[in-house]
Amino acid sequence: MCIRDRYELIATEQAKEFCSKINSFDEFQNILAVYKFSLVPEECIKNFFINLDVDSVKNEFRKLAKCLHPDKNKHPDAGTVFHKVHRVYDLSLIHISEPTRQAEISYAVFCLKKKNTFKHIFL
């Protein structure tokens, strides 16, 4: 069983458990997305976004935002997962549109791993 299948299985089980606790399976796909993206490392999401062009990245992010945004998703961790995806989306857009800023992006990723703020880089 590959790692992707393992993530899928774990996420599905956790989403079913959460939906049964709140007695609602209407939002199952959105809740499943929260569990999937909480298990996947930021680096994997970044690699997915970087392999796309700018328009495709924006379209994919809009699709994800519709199901992960805390206003649309009942799961308590939806906000955290949404911010995780949004950080990677921002870094990916910078990487795709301005390849000369690689050093700044590398430093920003380093700061993310250390849970420091990196707003000063992009000002």
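- Under the 4.5 Å side-chain heavy-atom criterion for grouping Ile, Leu, Val, Met, Phe, Trp and Tyr, I31 is not connected to V40 through any hydrophobic cluster.
- Under the side-chain hydrogen bond (donor to acceptor under 3.5 Å, both in side chains) rule, Y35 has a single partner from Q14, H75, K16, which is H75.
- Here the straight-line distance linking atom CD of E42 with atom NZ of K84 works out to 6.0 Å at 0.5 Å rounding.
- Put simply, the side chain of F28 reaches to within 4.5 Å of the side chain of T12, judged on heavy atoms.
- Judged by distance alone, with hydrogens and angles left aside, the side-chain atoms of N30 form no donor-acceptor pair with the main-chain N or O of N73 at under 3.5 Å.
- Partner of F37 under the side-chain contact (heavy atoms from CB on, under 4.5 Å) criterion, out of L32, L64, V88: L64 alone.
- The line from CD1 of I10 to CD of E13 is 9.5 Å long, rounded to the nearest 0.5 Å.
- V54 and I45 end up in the same hydrophobic cluster when Ile, Leu, Val, Met, Phe, Trp and Tyr side chains are linked at under 4.5 Å.
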**Step-by-step side-chain contact (heavy atoms from CB on, under 4.5 Å) determination, F61 to H86** = CA-CA 8 Å; F61 177 73; H86 192 269; 3.2 Å; yes
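- Partners of E8 according to the salt bridge (Lys or Arg N to Asp or Glu O under 4.0 Å) rule, which considers only residues two or more places apart in sequence or in another chain, are K36.
- By the salt bridge (Lys or Arg N to Asp or Glu O under 4.0 Å) test, K58 pairs with no residue at all, sequence neighbours left out.
- Under the 4.5 Å side-chain heavy-atom criterion for ILVMFWY residues, a single connected hydrophobic cluster contains both V81 and Y89.
- Qualifying side-chain hydrogen bond (donor to acceptor under 3.5 Å, both in side chains) partners for S56, counting only residues two or more places apart in sequence or in other chains: D53.
- Scanning both residues, P70 and A78, for their nearest heavy atoms gives CA-CB, 4.2 Å.
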